[in-house]
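What follows is a set of notes on a single structure, which appears directly below.
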Amino acid sequence: MKRLNSQLQDDGAPLELILLIRTLLAGCKEISFRVSQGALAGVLGSTLSENVQGETQKKLDVISNQILKDILIDSGYVKALSSEEEDDVVPCNPDGKYLVSFDPLDGSSNTDINSLIGTIFSITHAPQWMDPDDPSAFLQPGTQIVAAGYVLYGPSAMLAMTTGKGTHLYTLDKTHGGFLLTKPNIQVPQDTNEYAINASNQRHWEENMQEYVGDLLAGTDGPRGKDFNMRWVAAMVGDIHRVLCRGGVFLYPKDARDPDKDGKLRLLYEANPMAFLIEQAGGLASTGKKRIMEVMPTDIHQRIPVLIGSKNEIETCLEYYQK
Ligand code: AFP
């Protein structure tokens with residue numbers, strides 16, 4: 001089976017980017033090991049601290065963040081990094097060529113129930129003019145991303161990666177420690193009868209989303225004329241992995257709970273990398289108003305609405321937004 005390194009070379013990735021990706025993934029392998037140790041290593045449960053988003057940090061959030069931070073700072077390839085678990089950007093090597101944004105452990109509420117979690121990342125070029133502690137260089141639209149992906153810590157540890165030449169799935173072979181290509185050029189089926197949304201928020205959604213999901217729920221008795229199935233992992237990385245593998249739509253729309261927050265999910269290290277992966281696999285990713293990857297970020301922790309998945313179903317959903 002083909003190794004990650006040779007797939008990245010075939011996709012034309014420059015050497016320094018390949019080395020950076022391999023460094024980042026060495027950190028993910030360590031996270032995978034810590035996750036698998038669970039209660040044996042005392043890594044489950046919460047800390048007493050909160051991150052900048054006001055969320056209580058899990059022990060594994062803090063551990064994973066530290067692992068990735070240390071390895072990226074040491075590598076020399078990175079000028080600065082931003083993380084869900086860091087209030088501000090973290091300056092690294094002033095001569096580094098790249099910026100990395102990541103969610104070190106997405107879905108960390110799942111850690112204590114031994115369910116799906118993962119690391120999500122995106123990489124852009126670092127502008128030469130930037131100071132390593134200047135957050136404004138991170139405010140680039142998703143179209144500027146040179147590589148993005150996630151590592152899913154599930155029954156197998158799996159990597160989904162794109163450098164803009166298709167989305168490939170790899171599986172971690174723990175016997176020799178490398179990611180092997182197990183599904184090249186994955187394609188999201190264009191049609192689906194499966195959707196993912198946290199339905200407990202329904203009363204807060206905007207009218208267009210209420211109407212769209214109402215029509216899905218009506219099934220064969222409604223205007224869609226077919227039954228839909230619903231799934232919710234409570235970790236975007238798990239839900240997007242399912243969408244990549246067998247199609248579907250994943251929705252985290254804007255809602256009325258907090259007028260200052262434009263959705264729940266973060267643009268830089270959740271929505272953008274997932275949008276890039278899904279688009280490269282033939283799917284669509286929108287806020288409801290525009291393509292996610294064209295949104296110009298205004299803050300490193302900015303939140304946006306996310307409608308992502310099978311092309312034809314996302315297009316149908318967007319028709320409700322255009323009404
Ligand atoms: P964490 O990374 O803080 O665990 O949040 C996970 C997440 O941002 C995303 O991965 C999920 O889709 C979403 O939250 C689940 O949120 P709710 O189930 O609370 O709506």
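Nothing here was measured: the structure is a model prediction, and the numbers come from that model. Both ligands and their constituent atoms are indexed starting at 1 by order of listing. Along the sequence shown, residues are numbered consecutively beginning with 1.
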Close N/O pairs between ligand 1 and protein, under 3.5 Å:
| unit_1 | atom_1 | unit_2 | atom_2 | d |
| --- | --- | --- | --- | --- |
| ligand 1 | 2 (O) | G107 | N | 3.1 |
| ligand 1 | 4 (O) | G107 | N | 3.2 |
| ligand 1 | 4 (O) | S108 | N | 2.8 |
| ligand 1 | 4 (O) | S108 | OG | 3.4 |
| ligand 1 | 8 (O) | E270 | OE2 | 3.4 |
| ligand 1 | 10 (O) | D106 | OD1 | 2.6 |
| ligand 1 | 10 (O) | D106 | OD2 | 3.1 |
| ligand 1 | 10 (O) | M236 | N | 2.6 |
| ligand 1 | 12 (O) | M236 | N | 3.4 |
| ligand 1 | 14 (O) | K264 | NZ | 3.0 |
| ligand 1 | 16 (O) | K264 | NZ | 2.9 |
| ligand 1 | 18 (O) | N198 | ND2 | 3.4 |
| ligand 1 | 18 (O) | W232 | NE1 | 3.2 |
| ligand 1 | 19 (O) | K264 | NZ | 3.3 |
| ligand 1 | 20 (O) | N198 | ND2 | 2.7 |
| ligand 1 | 20 (O) | Y252 | OH | 2.5 |

Do S122 and N272 meet the criterion of a side-chain donor-acceptor pair at a distance under 3.5 Å?
no
Any side-chain heavy atom of I300 sitting closer than 4.5 Å to one from L139?
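SC-SC contact between I300 and L139 confirmed.
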With a 4.0 Å cut-off, would you call K323 and E319 a salt bridge?
no
Between E279 and R291, is there a side-chain N and carboxylate O pair less than 4.0 Å apart?
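Yes, charged N to carboxylate O under 4.0 Å.
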Tell me the side chain to side chain donor-acceptor pair (under 3.5 Å) pairs involving residues 11-28, sequence neighbours left out?
N5-R22, Q7-D11, D11-H168, E16-K97
Could you label the plane-to-plane angle of the F250 and W232 rings as parallel, tilted or perpendicular, counting under 30° as parallel and over 60° as perpendicular?
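Parallel: the ring planes of F250 and W232 meet at under 30°.
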